[in-house]
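One structure is given below, encoded as C-alpha cells.
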Amino acid sequence: MCIKYNHEKVEKKWRKYWEENPVNQEDPSKPKYYCLDMFPYPSGSGLHVGHWRGYVLSDVWSRYKVLQGYQVLHPMGWDAFGLPAENDAIQKGIHPEVGTARNIATFKRQLHEISAIYDWDREINTTDPEYYKWTQWIFVQMFKKGLAYEKEMPINWCPSCKTGLANEEVVNGSCERCGSGVTKKNLRQWMLKITAYADRLLEDLDQLDWPEKVKKMQRDWIGKSYGAEVDFTIEGMDKSIKVFTTRPDTLYGATFMVLAPEHAMVKELTTEGQKEVVEQYVQTASMKSSVDRMADKEKTGAFTGSYAINPLTQKPIPIWIADYVLADYGTGAIMCVPAHDERDFEFAKKFNLSITPVIQKEEGDIQEITEPYTGEGKMINSGQFNGISSEEAKEVIATYLEEQQIGKKTVSYKLRDWVFSRQRYWGEPIPIIHCEKCGATPVPEHQLPVTLPEVESYEPTGTGESPLAAISDWVLTTCPRCGEPARRETNTMPQWAGSSWYYLRYVDPYNEKEIIDKDKAKEWLPVDMYVGGIEHAVLHLLYVRFYTKFLYDIGVIDFEEPFTFLFNQGMITKDGIKMSKSKGNVVSPDDLVNRYGCDSLRMYELFVGPPELDSEWDDRGIEGVYRFINKVWNLIAENATSKKEATEEMERLRHQMIYEITTRLDQFNLNTVVSGFMEYTNKLIDLAKKEGGIDPETMDALIILLAPFTPHIAEEFWEMRGHKNSVFEQTWPIYDEEKMKEDRIEMAVQINGKVRDTITVGLEEDKEEVLSKAKTAIADRIQGKTIVKEIYVPNKIINIVVK
RNA sequence: GCGGAUGUGGCGGAAUAGGCAGACGCAGCAGACUCAAAAUCUGCCGGUGGUGACAUCGUAUGGGUUCGACUCCCUUCAUCCGCACCA
C-alpha cells in the first residue's frame, strides 16, 4: 500500500511550530558557530532556483552544526544601497527608500519559502541610518589615521553611470555594473589607502582555508614584484628620472627610456623641435578609453628630444613617451631593454632604436637578434659583471646601485588605492566638512549619522558632482572645528562600504554606543563558514579583509581575517548559460515548492551536482527526490510504532549509513550525500521487507540524518515515531567502525588485469585460502598456462598473471 | 599571450593513498495493477558481435609507467573562467 504525504500540510504545520519554538535557541553553555551567507542586494526581480542553491547549502550546514551541539549564528540582511534602486527612482520617481523597502519585503517572503533558520531578530540593512552611522564612523577613523585622503587625479569614469569607479570595478575595461566602456576623468576623489595593507593582505592569505582560486586571484591582484628603482640623470639638466625595474641585471642593455604620457616631467623634457608631436600624442592618449588602450596592442609613441644617461654605461639614451607605460604603476617611467623584453623589443623595432644584448642564452656568438630573450643566462656586454649568471647579477647589480647611491632595491604592487567616492545619490554621505580655514574636517562622531537629505532630482549630474550638491541648505553648514561657514562633502560612498564590515554587526545589531561589543565579538568571531559566489573574489572579499585589518589595528576587534573558511558555490545554468532575468532563462522556485514542497526542492538543489561547480538545471529531476521522500514516508509510516529489535545486518546497515552520510557531509560532497540517502533507503526498504520491519533505532538515525536536508518532513517523522520534542534537539548519530564491517565480502578475480570472476570470502580466510579459492574459480581459464605472478590485495582484488 | 578549472552512457553525475567504470537519479523501453489514464511496483537500459552463458572495444586525444590507470607522468585538442602592455 502506498500512503502519499501531503507536503503542503506538513510544511505549514512545522513552520508554525518553529515560529513558536525556534530551532536554534540561545544557550550560553553551547560552543558557538557562525555560518554566514553573502547578504543579497534586494533587486526587484526576486529569487530564482540559482539563488536558492547557496542559501540551502548554508542552511543545511547550519542545521548540521545545531545537531552537533553548537549554538549557531545564521543571520540575514540587505546590501541595499546601489544603482538599480536609484535608477528606478530616476525613471519612475519613486524614492529609492520606498523601492528598496518593497524589494526587501519581496525577498524576505521568498526567503521564508526556503525555511532557513535565519535569525530575523538580527536582520540588518545597510541603508538604515542606524547602520550606516557606523559605516561613516569607520570612514572617520580611517581619515584620522591618514588612510582616507583626498586627491585630484585621472580616475576610471563610467560615462553611463556618471560616476567614478574603483580599479576593482573595471572589468576588461568596462564598468562592472553596466558594461559601458570606462574612460579617464580628472577628478578630486576620496581615496582609501588599501595599498598600505598590501603586504598583510598578501601574506595572510596563506593562513586562510579558502578556495585556491580565490586566493590566487587576490595574490595576482595585489601583484607584488621585487626589483629596484634606478635614477637616470638627464643630459644637460640637473635632474633625474626614477624608473622601476624587476630586471636590474639587464641595466647595461637599457638603450632608451619611456615615460607614460601623463608623466609629470613630459613637458619639461620636450625640446622645441618635438613639441608639436609630443603634445599631439599626449592629447590622443588621454582620449583613449581603457578598452581601446587594451585592445590596441600596436606600439605607438613619440620622442621628447631629450636624453638620459644610462648610469652604468654612461651612454646617452633617448627618452620617449608611449601609452604602453602606465602612469600609476611603479614610477610611471621605465628603462627599456629591447634585447630582453618583448614590449621594449617591439617598440625598438618599430622606431628603429638600438638593441644591445646583455644576457647570453648559450655559448657562441650572437648573430642577429630576431626576438627578445627573457630567460636566464650568462652576463655579457656588462662591464665588470660579465661572466656571472643573470640570476646572480640581479642581486649583485642592485646592491652595486645602492652602494653607488644611484638606485635602491624596492618592491612594487599592482594594487592601487581605492577610489572611494561616488557622484551618485543612493549611498552613505561621506562624513566630511570642507572649511576654508581648517580644510577637510570629519563630522564629530556624536553627530553621526550624516543622513541622506531629500532631493528633487536623483539624476547624476555628470559633472563630477553628486546630486547632493544641489541642496544648498544641506551643503551649507559650519565648521565643527572653527565654527566658520563651511560646506559638506557631497560625494557618497561606493556600495562596497556597507558590506565591508556587515558581518560584525550581526553579532551586536542594536548597540548604540559602539560598533560592536568586544565580548560579543570575542564570543562569535571570526566567521566560521562564509558562503557565496566567486564573483566577489577581488571586490568584496578584498575590501572586507582590508576593513577587518584596519579595525584590528584600531583595537575594535582582536582578529585580522574575517572569514576562516570560504565556500564558493557554483552557478545554476540553464542551456549552459547563467540563470538571470536579463537572459530570460530563470526558473522560479514557487511552482516547484507548490508541486513538490520545500523539502524536495532543498534536496534537489543539492542533488543537481557538486556544489562548487556550475550545474545545469532540469526541472524533471526533482521527481526523483520527491519519490525518494515518499519512499521514506512509507517506510516510517508502516513501522512508526515498531518495537522490533535490530538484527546484526540491520545494525550494520545503520552504521554504514551514518558513516557515509557524515563523511560526505563533512567533505561538502552534498550531491553524494543525497545519492547516499537514496542508496541506503533502498537497502533499508529491502531489508525491512526481508525481515518484516525495521527497528526504532535505525529509523531514528535516518530521521536525524535527514533533518538538515528536509527539516519539515524530519520533524513530522519524529512526531510519527511518538517523540515529543523537536528533532533538532537531538544529537547527530555516531557510527561504530567495528559494527560497519561486513563478515563476508565479494572479491574480484582478475587474469592479467581483467576481471574474470568473483568469489565470496570470509573475514577469517587468509591469503593462501583466498588464492586457492580464486584459482579454483578460474581453473578452466588458466589451464595449460604458467602462473607468473599472483597479486593479492586484501578486501580488494586478486590478480593472477599467466603466460 | 599568461594562469587556472573542466572533459566519463541519451542527460545530471558516482568511483582517485591506482584495485570489479557507469553508484544514485532523470529520460527511455518492456511488463504488472487499471475499463483507461495518472500514481505505484518489477525488469532492462555504454557501443559492437552472438539466441545464449560470453567475447570485444570503451572514461576528450596519442603515448608512457604498472600485475592492474577515469585516477600517476608526458603530448595534443576542446570548453569555460580569471588576468591582460604592471616593466
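Keep in mind that the numbers below use all heavy atoms, side chains included, and drop hydrogens, waters and symmetry copies. Residue numbers begin at 1 in each chain, while the letters A, B, ... track the order of the sequences.
The nearest whole Å value for the distance from the CG atom in A:Leu613 to the C1' atom in B:G7 is 12 Å. To the nearest angstrom, C1' of B:U40 lies 10 Å from CG of A:Asn634. Atom C1' of nucleotide B:G4 and atom CH2 of A:Trp210 are separated by 18 Å, given to the nearest angstrom. Between A:Ile685 atom CD1 and B:C41 atom C1' there is a gap of 12 Å when expressed in whole angstrom units. The distance from atom CD1 of A:Ile572 to atom C1' of B:G12 is 11 Å, rounded to the nearest whole Å. Across the protein-nucleic acid pair, A:Ile751 atom CD1 and B:C54 atom C1' stand 14 Å apart, rounded to whole Å. Atom CD of A:Glu212 is separated from atom P of B:U6 by 13 Å (rounded to the nearest Å). The separation between A:Glu638 atom CD and B:C41 atom C1' is 13 Å, rounded to whole Å.
Both A:Ala333 and A:Val801 lie near RNA chain B, and the one whose nearest nucleotide falls closer to the 5' end is A:Val801.
The minimum heavy-atom distance linking A:Ala166 with A:Trp418 is given by the pair CB-CD1, 3.6 Å. Nearest heavy-atom pair across A:Ser580 and A:Val586 is C-CG1, 3.4 Å.
Against the 90° criterion about 0, the sugar-base torsion of B:G82 places it in the anti range.
Ion pairing of A:Lys216 with A:Asp220 is present here, as a side-chain N (NZ or NE/NH1/NH2) and a carboxylate O approach within less than 4.0 Å. Using a 4.0 Å cut-off between charged nitrogen and carboxylate oxygen, A:Glu742 and A:Arg652 count as a salt-bridge pair. Salt-bridge check for A:Glu212 with A:Lys215: passed, with a basic side-chain N closer than 4.0 Å to an acidic carboxylate O.
Taking atom P on both B:A38 and B:G31, the two are 14 Å apart, rounded to the nearest angstrom. For the C1' atom pair drawn from B:U59 and B:A69, the interatomic distance equals 11 Å after rounding to whole Å. Across B:G62 and B:C70, the matching P atoms stand 14 Å from one another, rounded to whole Å. Comparing B:C80 with B:G25, their C1' atoms are spaced 26 Å from each other, to the whole Å. Between B:C83 and B:G19, the two C1' atoms lie 42 Å apart (nearest whole Å). Atom name C1', nucleotides B:C67 and B:C54: the rounded distance is 24 Å, in whole Å. For the C1' atoms, the distance linking B:U65 with B:U56 amounts to 25 Å, nearest Å. B:G58 and B:G9 have their C1' atoms separated by 10 Å, with the value rounded to a whole Å.
Between A:Glu790 and A:Val801 there is no side-chain heavy-atom pair separated by less than 4.5 Å.
Across all strands shown, nothing is found opposite B:G58 as a Watson-Crick or G-U wobble partner with both distances under 3.5 Å. Using Watson-Crick or G-U wobble geometry with both donor-acceptor distances under 3.5 Å, B:G3 finds its partner in B:C81. Base pairing analysis places B:C33 opposite nothing; no Watson-Crick or G-U wobble pair with both distances below 3.5 Å involves it. In this structure B:A23 sits in no base pair that meets the Watson-Crick or G-U test at under 3.5 Å. Under the Watson-Crick and G-U wobble criteria, each requiring two contacts below 3.5 Å, nucleotide B:C70 is left unpaired. A 3.5 Å limit on both hydrogen-bonding distances identifies no Watson-Crick or G-U partner for B:A38.
Between A:Phe256 and A:Phe347, the gap from one ring centroid to the other is short of 6.0 Å. The six-membered or imidazole ring of A:Phe709 lies near that of A:Phe677, with a centre-to-centre distance under 6.0 Å.
Considering only side-chain N and O atoms, A:Lys414 lies nowhere under 4.0 angstrom from the phosphate OP1 or OP2 of B:C85. A sub-4.0 Å separation between OP1 or OP2 of B:A87 and a side-chain N or O of A:Tyr324 is absent.
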* At under 4.0 Å between heavy atoms, which parts of nucleotides 19-30 of chain B does protein reach? Answer with one letter per nucleotide, 5' to 3': B base, S sugar-phosphate only, - none. => BB--BBSSS---
* To do: Quick one, give me the B/S/- string for nucleotides 42-47 of chain B, reading 5' to 3', where B means a protein heavy atom under 4.0 Å from the base and S means that only happens at the primed atoms, P, OP1 or OP2.
  => ------
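In this structure, A:Gln218 contributes its side chain and A:Leu202 its backbone to no donor-acceptor pair below 3.5 Å. Between the side chain of A:His340 and the backbone N or O of A:Val358 there is at least one donor-acceptor pair closer than 3.5 Å.
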* Could you walk me through whether A:Thr313 and A:Thr255 pass the side-chain contact (heavy atoms from CB on, under 4.5 Å) test, one step at a time? => CA-CA 10 Å; A:Thr313 63; A:Thr255 50; over 6 Å; no
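Here A:Arg664 contributes atom CZ and A:Tyr659 contributes atom OH; the two are 9.5 Å apart, rounded to the nearest 0.5 Å. A:Ile745 contributes atom CD1, which lies 9.5 Å from atom CD of A:Glu765 (distance to the nearest 0.5 angstrom).
Taking the ring axis of A:Tyr680 as reference, the NZ or CZ atom of A:Lys683 stays within 45° of it and closer than 6.0 Å to the ring centre.
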N/O contacts under 3.5 Å, protein versus nucleotides 80-82 of chain B?
| from | atom 1 | to | atom 2 | distance (Å) |
| --- | --- | --- | --- | --- |
| B:C81 | O2' | A:Lys213 | NZ | 3.2 |

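Backbone-only engagement by A:Ser225 is indicated by non-hydrogen atom pairs under 4.0 Å involving sugar-phosphate atoms exclusively.
Nearest nucleotide to the A:Pro610 side chain, out of B:A14, B:C57, B:C85: B:A14. When each of B:C83, B:A55, B:A87 is scored by its nearest atom to the side-chain atoms of A:Trp221, the top-ranked nucleotide is B:C83.
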